[in-house]
Amino acid sequence: MMRNDDTPITLDLFADQAPITPGQVEQIGQQSFVLRGFALPWLDRLLPALENVLQAAPFRQMVTPGGFTMSVALTSCGVLGWTTDRSGYRYTADDPQTGHPWPDMPHVFRELAQAAAREARFEHFEPDACLINRYVPGARMSLHQDKNERSLTAPVVSLSLGLPAVFQFGGFERSDKSQRIPLFHGDIAVWGGVDRLRYHGVLPLKPGEHPRLGAQRINLTFRMAG
Ligand code: MD3
Ligand code: FE
């Protein structure tokens, strides 16, 4: 099975499962969906816009309030961007590294995020923040809840690019058992409503080389933060 950009779909952990096809919609929770390959037709427009954002606001590794440097490198675009440092997690209007506002959210980002939200039956999605995460092999994100946003029922839309990853989708307590869901280049996950505060994380990225993105995974999450 190949995707329409010629990337084979393989992730050893899921070798015994049915193949995944672009266009497929998987419901992973009451109000959580994975839209397989949804972004593929948008990427010729989206990737150059992403390059521009990354030039204005490069990836940087941030420090958690507990003093640990995150293995994932981050940046943001939109009216608000997310930061962590020794004093806590928060959204800010300015990039603390430059003192300037975060780069504008490109129109194509917003249009794609809105189209995906509608597909998952969330209307009126007006994202004001786009967090951009970069995983290199070995980078991971431990189980957490996203709760720095003003509304904790508005959906979050997430776009996966580059190397595949295993997403952990848990419950409402850190100790709840979690499902493991593979996320591939071009997939979009949308979750909100009753699922908005579910714990989630990403297992350490496996080494590899993606034909378009190289040895990395980039994840964009669109939120209504303010
Ligand atoms: C959460 N990012 O930036 S997004 C984050 O792939 C973050 O970089 C991860 O968690 C990443 O805060 C995961 C994918 C996702 C998909 C479905 C979810 C997160 C979800 C359902 C419920 C809660
Ligand atoms: Fe998260």
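Values reported hereafter were calculated over all heavy atoms of this structure, with side chains retained and with hydrogens, waters and symmetry mates removed.
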So, taking the atom named [atom1] in [X] and the one named [atom2] in [Y], what distance separates them when rounded to the nearest 0.5 Å?
X: D176; Y: L143; atom1: CG; atom2: CG; value: 10.0 Å
X: T69; Y: R60; atom1: OG1; atom2: CZ; value: 14.0 Å
X: T83; Y: M62; atom1: OG1; atom2: CE; value: 4.5 Å
X: D187; Y: F38; atom1: CG; atom2: CZ; value: 11.5 Å
X: R212; Y: L43; atom1: CZ; atom2: CG; value: 5.5 Å
X: L50; Y: I132; atom1: CG; atom2: CD1; value: 5.5 Å

Can [Y] be reached from [X] by stepping across I, L, V, M, F, W or Y side chains whose heavy atoms are under 4.5 Å apart?
X: L205; Y: F59; result: no
X: V79; Y: L131; result: yes
X: V190; Y: W42; result: yes

Tell me, yes or no, whether the heavy-atom count around [X] atom [atom1], taken from other residues, nucleotides or ligands under 6.0 Å, exceeds 12.
X: Q30; atom1: CD; value: no
X: F68; atom1: CZ; value: no
X: R150; atom1: CZ; value: no

### Task
Report yes or no: do W102 and D94 form a side-chain donor-acceptor pair below 3.5 Å?
no

### Query
Using a distance-only test with no angle check, is there a side-chain donor-acceptor pair under 3.5 angstrom linking T21 and R36?
no

### Query
Which heavy atom in H210 sits nearest to a heavy atom in G162, and how many Å separate them?
CD2-O, 3.4 Å

#### Entry: Minimum-distance pair of heavy atoms, taken over all atoms of L163 and G214
CG-O, 3.9 Å

### Message
Are F33 and W191, when compared by the centres of their aromatic rings, separated by less than 6.0 Å?
### Response
no

With a cut-off of 3.5 Å and sequence neighbours excluded, list every side-chain donor-acceptor pair involving residues 218-226.
{"from": "N219", "atom 1": "ND2", "to": "S158", "atom 2": "OG", "distance (Å)": "3.1"}
{"from": "N219", "atom 1": "ND2", "to": "L159", "atom 2": "O", "distance (Å)": "3.2"}
{"from": "T221", "atom 1": "OG1", "to": "R223", "atom 2": "NE", "distance (Å)": "3.0"}
{"from": "T221", "atom 1": "OG1", "to": "R223", "atom 2": "NH2", "distance (Å)": "3.0"}
{"from": "R223", "atom 1": "NH1", "to": "D146", "atom 2": "OD2", "distance (Å)": "3.2"}
{"from": "R223", "atom 1": "NH1", "to": "E149", "atom 2": "OE2", "distance (Å)": "2.8"}
{"from": "R223", "atom 1": "NH2", "to": "D146", "atom 2": "OD2", "distance (Å)": "3.2"}

### Query
Going by an N to O cut-off under 4.0 Å, is there a salt bridge joining D128 and R110?
no

### Query
Are any of the side-chain nitrogens in R118 or E123 under 4.0 Å away from the carboxylate oxygens of its partner?
no

### Task
Give me the one residue out of Q145, Q168, H144, E173 that meets side-chain hydrogen bond (donor to acceptor under 3.5 Å, both in side chains) with Y199.
Q145

#### Entry: Pairwise side-chain contact, M70 with L74, heavy-atom cut-off 4.5 Å (strictly under)
yes

